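What's counted below: heavy atoms across the whole structure, side chains too, no hydrogens, waters or symmetry copies. Keep in mind that what you see is a predicted model, and the values were worked out from it rather than measured.
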Amino acid sequence: MSQLFYLLLFPAFCFPLSARAKAVPPSVPAVSVRMVHPDSQELDRERSPVPEGYTPYTYEFRDRHGKMQRERLFLKNTPIITESEVEQARIEPERRECLHITLNTQGGKTMKAATSAMNLGRDRLALVVQGKIKSAPVVQAVISRTFEISGLDGKNEASGLAELLNRRASTEKNTPFIPQDLALYAVHPESRRLVEEGALRVPGFRLWKLPAHRQGKTGEVEYLFLGNSPIISGDCARHAEPDMEHPGSLDITWNEEAFRKLERASAGLRPGKDRIAVVLRGTILSTPLIPGNAFPHHSYSRSGG
C-alpha cells in the first residue's frame, strides 16, 4: 500500500516547486540585471581588451537636458537575476516612466548578496531587455526583494516591460511539476572535511558544486560529495502536488519500490547527523539532516541544510 512522503522544500521559493521543475529558461534571458564593470569608462577610454567574463554593450540614453548620449559599458556575462526571479512588476499612473519590481524570495536574496558586495555610490547595475541596456543606474543602497527602475523614457516602455515580466511570472506559476525531475542523494558524511583537504575523487561519490544561492558569504565556490546514484528518483513517484497548507512544500506519493529503497538507505544513515541532497533538474535545492524518525515518513526542512 502506497504511503505519502512529505518533502518540505526551501521557503526561499516563492513560486511553488511546479514553477521551477518544468520551465527551462532560455539560453539568453529576455530580461536580466547585470553587473557593470566598475572600470568600464576607463577601459573604454584606454581601448583596453574586453575583461574576461564580460561583454561590451552600447548604452544609449537621454541626459537631463533631453539630449541623446551614448556610452560603452562592459557587463558581466552571468546575470544577477533574470525575469524568472520576478514575482510582480507594476507602474504607478502618476510616474509611468518608473517600474516597481518585486522579486521572489530567492531572487531577493541573490540581489541583496550582490549589491551588499558593491561599492555603493559608485558601482552600477544594468537592466538589459532583449539584448539592449534600458537603464544603468549607480547603486545607492543595498537592494533586496523590491526596487524601482527609473529612466525608462521610451513610449510606454515601462508598461510594456511590466506586461512582459508579469506574463512570464504567470506562465511560471502555471507550469506543472514533473516528478522525474527530482532525485534524492546521500551526502558523504565527511564531505566538508574531504573538500577542505582538496579531495577530488571518493569511491562511490561524485563532486557537485552548490548553486550560488546555497553558497556562503565568503564568495568561494562550495562543493559536496554526493553518491554516484540517487537513493530514489522521481521515476518512483505516483503523484506530486503542492501542499496548499504549507507554501513551499510538495506532497509526493511514492510507489512500493521507492519505500524499499528508502528503507535500505535509512539503515546506513545516522538520524540527526547525516544529510541527503534534494536535487531538482541537476541542481541541489537542499541538504537537510535525516530526521530522528527516519524513513519512510519524513518532513525535510531547509534549516541546518
Next item on the list: Rounded to the nearest 0.5 Å, what's the gap from CD on Q140 to CG on D123? Could you check?
Entry: 11.0 Å
Item checked: Heavy-atom closest contact (I91 atom, C98 atom, distance) -> CG2-O, 3.3 Å
Notebook entry, point to check: Honestly curious: do V128 and V50 fall in one hydrophobic cluster under the side-chain, below-4.5 Å linking rule?
Noted result: no
Check: In this structure, are over 12 heavy atoms from other groups packed under 6.0 Å from E71 atom CD?
Finding: yes
Margin query: Testing the basics here: between I143 and T115, what is the closest heavy-atom pair and its distance to 0.1 Å?
Written below: N-OG1, 3.0 Å
Note to self: Keeping S191 on the side-chain end and F225 on the backbone end, is there a donor-acceptor pair under 3.5 Å?
What the structure shows: yes
Checklist line | From CZ (R45) to OG (S40), nearest 0.5 Å | finding: 11.5 Å
Checklist line | Qualifying residues under ring pair (Phe, Tyr, Trp, His ring centres under 6.0 Å), relative to Y185, sequence neighbours excluded | finding: W208
Margin query: Checking the side chain of N166 only, and the main-chain atoms of A162 only, is there a donor and an acceptor separated by less than 3.5 Å?
Written below: yes
Item checked: Shared hydrophobic cluster, V138 / I133 (ILVMFWY, side-chain heavy atoms < 4.5 Å) -> no
Margin query: Evaluate L165 against L99 for side-chain contact (heavy atoms from CB on, under 4.5 Å), listing each step before the verdict.
Written below: CA-CA 11 Å; L165 292 171; L99 183 64; 4.2 Å; yes
Check: Which pair of heavy atoms, one from Y54 and one from K76, lies closest together, and at what distance?
Finding: CD2-N, 3.3 Å
Check: Are I149 and M35 connected in a single hydrophobic cluster, I mean Ile/Leu/Val/Met/Phe/Trp/Tyr linked by side-chain heavy atoms less than 4.5 Å apart?
Finding: yes
Check: Taking NZ, NE, NH1 and NH2 as the nitrogens, is one of them in K261 or E257 under 4.0 Å from a carboxylate oxygen of the other?
Finding: yes
Margin query: Rounded at 0.5 Å granularity, tell me how far CG in L125 sits from OG in S32.
Written below: 11.0 Å
Notebook entry, point to check: How far does CZ of R193 sit from NE2 of H188, to the nearest 0.5 angstrom?
Noted result: 7.5 Å
Item checked: CA sep, side-chain torsions, deciding dist, call: E87, R145, salt bridge (Lys or Arg N to Asp or Glu O under 4.0 Å) -> CA-CA 9 Å; E87 188 173 278; R145 282 195 65 189; 3.1 Å; yes
Check: Roughly how far, to the nearest 0.5 Å, is CD1 of I81 from CD1 of I101?
Finding: 7.5 Å
Notebook entry, point to check: Do L43 and V36 sit in the same hydrophobic cluster, where Ile, Leu, Val, Met, Phe, Trp and Tyr count as joined when their side-chain heavy atoms come under 4.5 Å apart?
Noted result: no
Item checked: F74 versus P51, closest heavy-atom pair with distance -> CD2-CD, 3.8 Å
Item checked: Minimum heavy-atom distance Y223-L207, with the two atoms named -> CB-CD1, 3.7 Å
Next item on the list: Among V187, L226, V278, find the residue that satisfies the side-chain contact (heavy atoms from CB on, under 4.5 Å) test when tested with I284.
Entry: L226
Margin query: Working note: Y59 + Y57, criterion ring pair (Phe, Tyr, Trp, His ring centres under 6.0 Å); need CA distance, chi angles, decisive distance, verdict.
Written below: CA-CA 6 Å; Y59 176 36; Y57 284 73; over 10 Å; no
Item checked: Criterion salt bridge (Lys or Arg N to Asp or Glu O under 4.0 Å) on R122 and D39, from CA distance to verdict -> CA-CA 10 Å; R122 180 180 184 274; D39 299 320; 3.4 Å; yes
Margin query: Please give me the minimum heavy-atom distance between A186 and I231, naming the atom from each residue.
Written below: N-CD1, 3.7 Å
Item checked: From S116 atom OG to K109 atom NZ, the distance as rounded to the nearest 0.5 Å -> 13.0 Å
